Every structure is written in C-alpha cells, then in structure tokens.
Amino acid sequence: MSSKIFGSGIRRREDPRLVTGGAAYTDDITLPGMVYAAMLRSPHAHARIDDVDVSAAAAAEGVLAVYPGADTEDALQPVPTAWLLPDSDLQVAPYPAIAKDTVRYVGDIVAVVVAESRYQAYDALDLIAVDYDPLPAVTHPQQATEPDAPQLHEGISGNQALHWTVAGGDIDAAFADAEVVVKERIVQQRLIPNAMETRAAVAQYRQASGELTFWNTTQNPHIARFICSAVTGIPEDRLRVIAPEVGGGFGSKIAVYPADFVTIFCSMRLGRPVKWTETRSENYQATTHGRDHVQEVELAATKDGKITGLRCTVWAGLGAYLSTAAPGIPTILHGLMLSGVYDIPAVKEDVFGAYTNATPVEAYRGAGRPEATFMLERLVDKLANELEMDPAEVRRRNLIPRFEDGHDVITGLTYDSGDYPAALDKLLDHAGYDDLRRQQAEARNEGRYLGIGLSTYVEICGLGPSQVAGAIGFQGGLWESAIIRFHPSGKVHVFIGASPHGQGEETTFAQIVASEVGVSPEDVRVFHGDTDNTPMGWGTYGSRTTAVGGAALALTARKIKEKAKIVAAHLLEAAVEDIDYEDGNFFVKGSPDRGKTIQDIALMANVSWDMPEGVESGLEASTFYDPPNFTFPFGAHLAVVEVHPQTGQVKLERYIAVDDCGPQINPVIVAGQVHGGVVQGIGQALWEEAVYDDSGQLVTGTMLDYAMPRADRLPEIEVLSTVTPSPHHPIGVKGIGEAGTIASTVTVYNAVLDALQPLGVDSVAMPLTPERVWRAIQESGGD
Amino acid sequence: MFAPRFGYHRVSSVAEAGALLREHPGAKLLAGGHSLIPVLKLRLAEPPALIDIGRLAELKGISVEGEAVRIGALTTHAELAASADLEEHAPALAEAAGMIGDPAVRNRGTIGGNVAHADPASDLPTVLLALDASFEIVGADGERTVAAADFFQGMMATALGDDDLLTAVVLPARPPGQGQAYAKFAHPASRYAVIGVAATLEVNDGVCSAAAVAAGGLVPVPTRAPSVEQALVGEPAAGDAIATAASQIGTDLGDDLIGDLFASAEYRKAVAGVYVQQALATAAERIG
Amino acid sequence: MKVPVSIQINGRLYESEVEPRKLLVHFIRDLDNLTGTKVGCDTSQCGACTVLLDGVAVKSCTCLAVQADGAEVTTIEGLAQNGELHPLQEAFWNKHGLQCGFCTPGMIFASHELLRTNPDPTDEEIRHGLEGNLCRCTGYQNIVRSVREAADIMNADTQDGGEG
C-alpha cells in the first residue's frame, strides 16, 4: 500500500450506509418491550410550582407512569457541570433533573410521562395539571447582573455565576499613551445549534443485574458514562454508553442533559427499555444554545496602525443552569485567544458569566473563539476606517511573523506554529484584492453598495494537555487513546476513544493507520462510540479528534511498526538495525524484493510459531496520548457582498477561505469541514438568532421563525489552504472542524459594514437582517 | 410532533363531504393538508374529524373555458406552476405558485386549501385578487360564486362558512397584450411572503390603459392598490412613471400593517414600493 | 378509531390499521428496518422526511398515512436497484455530499425531484431545487456538486440508452 494514502481525498467509508438508510441513529433503535417517554416542559421562564397533579395523565390510555420532580429528587443527583473554573468565584447553582419547586426557563422539565406509544405519551402530557406562580424573568446577560434584576438562584447574588479575568502587559499605559482608540459594543446573539438530528436517548436497564445500556446522541460517550454514573448511581462498570450514528452535534451534544437522566430513571423504575426523542420545538427550548455575549471592547493603536492594547468587558449569558462545559467557553476558550494573530503588547478582559431565564448555553461550533475573533477583527476594521488605511494593510502591520516552533503571546499561551502573512497574502492574491477595491469604487460611483470584508484568525484546538485541563478546572483528562489490533489475515481493527459524529474520521483514521503501517485503508476497520468496546476517550469537540485521537493512533501504528520490524529481522535472519521499511514491506537493506510484508508479520505474530525471543505473541499496540500543547490552526477569509440600499437586503456574492490546519489527511474532508463551518458562521452574521421576549418566551421557537442557511442563499465557497505543520504533533495536524465558523461571521459582517461605509454606518446588530440594515441606513441619513 | 386524535372520513363526492360537514360540527376538510396538518401537529386545533376530499377527481385540474380559466380546488401548486394553460392565460399565478414553500410542499399543497386557510403571508390570495378571480362554493343552500374582493375577509378568515366547500377558482383569461408578474420578499425561515405583489398591465398607444396591483403579506387581508393603479393609467408603462406610481402604495396599505420580529410594520411599509415597482416593471417587460 | 390502510413501500405491500392522525413518516419508520426516513423538524421546513409518493417527492411528516392509502412509496432503502446504488447515492458518496448523513435521505429525494422535473439543471437551479431541505454540516456546496454529477451520469445513461 502506498504511503500516498495520507493526503488523498478518498471517498468516505461511512457513506454507503448513510446513503442507503442503513445507518442506525438513536431514534432508529427499537427494542422488545420498549416504551416511550415524553417530557412536560415549563411554559414559563420563571415560576414557582405550587402543585403538579398527574392523576388524569396517569390514568390515560397506554400510560405506564408519570413522574414529577418529587419522584426523582432523591433518585437522581443534581446535574453537574464539568468545568469548575478556578479563580473565578464560580457559583454552581443546583440543577435538578426535574424541577420540583421552581422552573427557571421555558423548557425546564416538570414531569415525565411513559406510555406504550409516543402518541399516547404526548396525549397524556396535555392531562398533567401544573399550578404555576409566575415570577419576573430576565434573559439578557448584562441586565441579569444589574441590581434590580430578578434573581434566579438562592444565595447567588446578582445572578453572577463567575467573574474571570485575563490580563497581560501594561494595559493602562497602552490606553494612556494611545494615539488612536476605537470602541465598539457588540452583541454576539444567542444561537441554536440545529444539528439535524435532535437529541434522543434509549435506556435499557436490567433490574436483575443492575446493568444499563444507554444509547445516546452524544459527542462524548465516555464522559456521558462518567456523569450518568454519578447522577443515577449505577456503577460505571455496569453502565454502557453507546453513541450510535450521531446526526451532527456542533457542541450541542457535549452536555449530558436532564432528559438523559430522566430516561434512565424511567427504565430503572419500570424495568422496560425506554426511548425518548426530542421534537424540534423541544430541541429549540431544551438543547443547549451558543454564544450570547455582550461585549464592550476598545482597541488602542498608534497613528500608523500599530495595535498597542485591547481591553474588554464581556457579559456572557449562561442560561438558567451551568451546562457540562459552560464555564470554560466564554473564559478559557475565549479570553486566552484575545490577541489573535497579532503582536499585541497589552490585553485585559473581564468576563461576567450570568444566570438568565433561558436555555443553558454550551459550546457551539467555535465556542468562545468566534466571539474573540469577532471583537478583534471588527475593531481592526474600525481602526482602518479611523486611520483611512486599507484594512488589509492594517492587518499586515500587526501580524506575528512566521514561526515554526513556538511563539509566546500576551495571554500566556504559546502558539505552536504559524505563517499568518502567507495566509493573508494567498487570500488577497486569489481574491484579486486590488481589483475588488477598484470594482467597489466603480460600483459606488454607480450608487451600488459593494462591500469587501476581511478577517484573519487563529484558534486553539487539539485540547489539550491534561495537566492544563486540571489547572483550568476541567473535571476530566484531555488525552486520547487508541488500540490497533492486527488479525492473522492482516486485517486490522482500530478501537478509539474519540467519537466522531459526521466528520468522517472512520475514513481519516483508517488513512492514518494505512499510511503508517502500509496496509490498504480498506483493511482497517475503525470502532468508536461504544464504551464497552473502545478505550477511554474524552470526546469529540474543540476540533480535537484528529489532533489528539489521530496522534494517539499514529503513535500506536508506529509501535506496531517497531514490533513488526523486530519480527521481520528475526524472520529475515538480520539485525533489526539492518531492516528497512517501505510501504508495508520490511526488508534487509538493499533487498526489497525479499522482504516480509506487514501481513506476513501479522500472521506470524498471531500464530506465533517462530517469534523472536522475548517478544510477545500477537500484533497489537495501544497508546495514551496526552498532547504537550494545544494546536493553533489559522487562516484568513474574505467576503464580497452587495447591499440593496432601499431594502437593506444583503447578497453574499463571494466567499474565499484560506485555512491552515497543518498537513491534510484527506483534503476533500477538510474542504467539507470548511464549507460547513463557514456557512454556519455566515448564518450568525446574516440570519440566525434565538430571541426571547420580555417574559422569557422563546419567540423563535420553530424552524418557521429561526432562519437557517439554505442552499439558495449561498455562493460557492472558494477553499484554499496553506500548510504549516504543528511542531509538537506526531503527524503535524492541527484540526479544522471549527475554523470556518470562527472566521466567517466577522468576515461577512465586515463586508456588510464596508459596503455601508460611504453611508456613515459603523455598527449594526447581528444578524444583519434587511430591516436592521435598512434602519441603520435611515438613521445615518444616507440614501 | 403528534396530532391529537380525530375522526376520519374519506368521501367520494362533494355532496357526501357537505353532508358530513353538517353532521360533524367543527370538522375540517382535508385536501393536501399542508395548511392543516402543521396546525394539528402543533396541537393548535383539535377538530373532531377530518373529511378527506383529496381524492375527488371532479375538483382537480385546470381547464380553459372560453374567456375563463377554471382551476379545480385540489389542483396542486406544482400543477399550477407547470401548467401551460396558466403560462398562457394567467402567468402571474403560475409564477407565484412556483414560489410557494419548496418543491415537495408544492407537490401536495392545493390552491383550495391555500386560499381557504387565508394566511395573510400566503402568495396565491394576492395574485387571485389582482387577477379578479372568483371562487365557486358549494354550501348547504347550493352553489354560489364569490368574487376575490369579497372572499378574503380577514386574517385567516374567508367567505367560507362552516358547511361550505370551495370547489374551484375561476379567472378571466389574460387579455392579449397584458403583462403579469408576481414579486416576492420571502421570509428567510418560513418562506412565506413578507411582501408579495402581483401586478397586471395593459398598454395602448404607448400608455398604460389598465393596471391591477395587489399586495399581500403587508396587511391582514391582501389588498388591491387603487392609488397605484390609478397613477399608472394614462402614463407610459416604464421607468419613472412606474416608480412614481409604486410610491403610492403606502396610501393603499393604510395603517393596519402587519409587523413581526423579522420585519416591522414601518419597514414593510417603507420597502413595499420596491416590490410594487419590481412587479410592475416585470409585468411591463412581459407585455406583448 | 382506526382505519385500514394498504401502502406499497419499496415494492412491498404493507396493510394495517392506523389511527387517522398517524403521519406517513411514523407509519414508515414504525415498520421493521425502514428507519432511513428521518424526522428533523415539526413544521415542514427541513425536508429530512422527504420520500417519493407515487413517484413525486413529498414531505412525509406533512402527510397522514391515511392519505397515502393505496399509494406507492419509495424510501431511501428502496432507491438502490438490484444492489446497485442509484446515481444520486453514488454521486453523494463520490462528491462528499454528506457528513452526518441525517439530512441525506431527504436531500437525495429532493434532488431526485429536481432531476425528474429538470434533468439538466444549472448550479443555481440546483440550489433552488434544494430550498426545502436543510443541512447543517456541508454548507450545501458538495451537495450541489453531487446533484450536478448525478445529473451528468443520468443524462449520459439516457443518451446511451437512446443510442443503443
């Protein structure tokens, strides 16, 4: 097998089952005797529960049981958060799986019905009588921290869940000495992740043995096992979590949710398999949201465009309770990336995490980094406007020069490698930037509003060293493990802890193994997502699966190769150091035609008739890989838009992405990640927003109201790349899952604001709906 | 989502449907189901029974009868959009039908179900108003015909009574030399009309001799735009005259504009003229 | 109240009594092993449930099983013939037109509908043809390429058939 398999855009092995309906997602699983759960969710954003009367529902046709919070309060421990951020005065509010006394957001579970059919379960929900005493609600993160705001949790003053600070350099001096200061108040609106598969769970508890099998739409089955064990009391050794086919996550399937524990509880009580599947409306209310920051940012610079300081205050809405990874998203994954690709000598950020009467917020594709990139890149454009300089030129003047092996930035991180000028140059060159500016000038003369938007970015992924995880309060490790097992025929099984859910790593992992040990990728089967037959893993999020899991796999393959070399030396009656290797063939230097293939060696190792002395039978290896540092992918993006001045409608004309994720295992899959990521970020800029009204009702409660990107509103995304390997990674790869989203929101935003620049508009709230753009034009007095 | 329970009757004639409507007060007619089923799934309505008229062949199809085009109530949006007869005789209706929802929705949704539902953000009522359509209705007291201007009575309200069944929509065939167009500002999520404008234009000796403009999505009931229409007649059907006429739309819309999260009443009123202008300009291009 | 229905799915006749409120998508999914048809929303927006009903694409979440009584349904499980993938299935695979795969069955049938009514669409027409189907993974770009490739293959097949 040729080593060229690394870097080849081969077709995905996942696809035949997916294009034929042969894949089983959680809701596709049916077990004998299975019954169905439906959750009664609070219609109030904030209310005391005076009474829950389940008698009529319990008597309804097909209903097996109805459980209100009183039934689960002793059986289920509070839902934990898994990121206990230190030095932040973190206040963790009790988070019951089913609310008993108070509901705190529209979607809080009040009771569960279990019935023979899903229709019957939903019929019975209508029969539960709940007596609510509504309380005032607050959903805005900054307003929640104001003195007269309604208070969500007893003993947590001012709804403040956390206050975290990052600082470096002399920020006061930077602003005192600044020749230019630009400021902006930015709202990173709340977003709904909208994985196409809603959340679902199937719990099968065997009362005789005390064992639970739990199928769940999760990005991290091992974390789910750990947390489910803690909440339900089922010992971890008797708890098997299976993430079957998972239909997208984007962060919303990291958390382990109240409904998961409730489904397990129902199966434990009833001794029947119980399935729960969210409806889309329920998903909008109850599955975690993303973003929800209010940011006040200011940037100090010299007159020639050199950035000297960045200072900001952020209010991050965390929702009614702390979701699994919530405290780390607006802090660690956000604040540490403040300085981006620029050499900035001083930064300071204060982050206030607020409880609000809204759906809990979690990681959402990019998770903290899009919000950080937006602040910086928006202000760089403002600086360019202020100085009447070209935005590309301002960026160029501040970029960190190329580095191959580590660069310390002011937030305390050490970036691994980067060539930011190369990415920007490639982007501008491909776009024909100077030409675009000429076209823009001509269009303006014709009364047309063409805009060109730029953004650079660097992100932090490949999370991360476990020692750092401990230091930042993450209640788990951040390593990955893999097992490679050769069978006698030379076929290979790979077992890995990471849990891809659409990204295609069954294919790319096979490519890594194939390229390292010289088998055909067709001969490598990859197993993941089942805690009973895969080694421990910490999950797929933060663009870490290939960066960390892939490293574990590459190192394991190298162990296999080392052992194979020893066996080959023995069989070829040569010294190990005289053995050469090429494309799956081990041979005595100079005699490649009389070598032993990896398959020959696998056979011998398995039958073990003639192994070298002291070498164990079998051809199998495993690795626990704990990365020495994060990885830092980067890039530069450009968008071209035209704004219709009479209606405010924005037409996205062109989008170009240059991304550097290190060497690409499968460039077709990499491009696919970029396409999807970019479009998700465009969605934030132009269409998407979860809106609550003053009483805390989710106004955008269905897909009729919440505008997702659709095919007919998008241009072709032009995808380019540069390749800067990570110096500390076994195969140099960095991660690509979130890159597109991190750059594209602000790129499109900058393009629209660039279009509006002649009208004097310098700020519009996202999403940039036609009315908002139109209103900004009206208020500017232009057109 | 899961609809509440309801009874079900599949009928084989209009008469049978009428009898069942009288027998089951509150029962709803089911045609393509694309207005009704979503409402049932969200449990926003709980009718005791559905009367499935979806298989009544007599309510299907498009026929040209002299100067009139007759469209059976069960004709789907896809059939409207693809109809050669409509392309010839009522092209704005075909155009608007092709902008409803998406292809799969157009394969099931029917003109009868659409207009009976009378969603103010729907496309067809606007066009039918501009085209002076009339509606054939069978009720307890026999058949009657209602003009479009009288058919649409309010938000989700029509001239159809509880026992009535809409059987057909009848349009005057497009006179020679008339241009028609439908312009739409679609909601990015629902794809319903934030603004929908239908226009017809006729030109004699270089000036506009007749014009009809109707606007939907903007007010609770689609409305004709007499000020715009009058401003056009006698003017050249081009450029500035169209723009000037289109700017009259605010007068015709009055003050009861619809506003929602996506587009306020003020905004709709301000940009409606752009779509009026677009519909008129396109209609003018298509003359001849 | 239950109503008898008989629906032919992928060439096999299924007869049963259903509640009138049962959606066609639930009827299909409740049959053994026919879970390829997905439910992605509750408002007819996402298209994950799209199937062929008597040869044309419909959203099976917005159709009652009783309305499909006597009809022929094709689901994603029935699209491949004699073990050979349909050109659309093949093209989605070739062009990386899917990631998590959840929208894919519906997306393939939306594409099927487009090519039925417009066998040689432009990229812009493809994008419009997919307006009723949501995908959160791909940004649609490789879906457009997949449909383009399938159209080319199907048109070549038709030509070959005509000439041969």
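Keep in mind it's a predicted model, so treat the numbers as computed, not measured. Sequence lines set the chain letters: A, B, ... in the order given, protein chains first and strands last, and positions in each chain run from 1.
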Check: What residue, out of C/S44, C/C63, C/A110, has the most heavy-atom pairs lying under 4.5 Å from chain B?
Finding: C/C63
Margin query: Taking side chain as everything from C-beta outward and backbone as N, CA, C, O, which of these in B/L36 sits under 4.5 Å from a heavy atom of chain C? Side chain, backbone, both or neither.
Written below: neither
Next item on the list: Indicate yes or no: at least one non-hydrogen side-chain atom of C/V3 is less than 4.5 angstrom from one of C/E17.
Entry: no
Next item on the list: Return yes if some donor-acceptor pair links the side-chain N/O of B/K184 with the main-chain N/O of B/V194 below 3.5 Å, else return no.
Entry: no
Checklist line | Residues C/K95, C/E149; criterion salt bridge (charged side-chain N to carboxylate O under 4.0 Å, His left out); working and verdict | finding: CA-CA 8 Å; C/K95 293 292 177 189; C/E149 176 173 287; 3.7 Å; yes
Notebook entry, point to check: Side chain, backbone, both or neither: which part of B/A81 has a non-hydrogen atom closer than 4.5 Å to chain C?
Noted result: neither
Notebook entry, point to check: For C/L53, is it the side chain, the backbone, both, or neither that has a heavy atom closer than 4.5 Å to a heavy atom of chain B?
Noted result: side chain
Margin query: Given heavy-atom pairs under 4.5 angstrom as the criterion, report whether the side chain, backbone, both or neither of B/A82 touches chain C.
Written below: neither
Item checked: chain B contacts, top residue of C/N133, C/L64, C/L130 (heavy-atom pairs, under 4.5 Å) -> C/L64
Note to self: I need the residue from B/P38, B/P103, B/A189 with the largest number of non-hydrogen atom pairs under 4.5 Å to chain C.
What the structure shows: B/P103
Item checked: pair B/L30-B/I53: side-chain heavy atoms closer than 4.5 Å -> no
Next item on the list: Please answer whether the main-chain N or O of B/A118 pairs with a side-chain N or O of B/S122 as donor and acceptor at a distance below 3.5 Å.
Entry: no
Checklist line | More than 12 heavy atoms of other groups within 6.0 Å of B/D162 CG | finding: no
Next item on the list: Mind running salt bridge (charged side-chain N to carboxylate O under 4.0 Å, His left out) on B/R106 and C/E131 for me, showing each step along the way?
Entry: CA-CA 12 Å; B/R106 296 195 285 271; C/E131 67 191 340; 3.3 Å; yes
Margin query: Report which part of B/R5 has an atom under 4.5 Å of a heavy atom belonging to chain C: side chain, backbone, both, or neither.
Written below: both
Check: For B/L40, is it the side chain, the backbone, both, or neither that has a heavy atom closer than 4.5 Å to a heavy atom of chain C?
Finding: neither
Check: Given a strict heavy-atom distance threshold of 4.5 Å, which part of C/E113 is in contact with chain B: side chain, backbone, both, or neither?
Finding: side chain
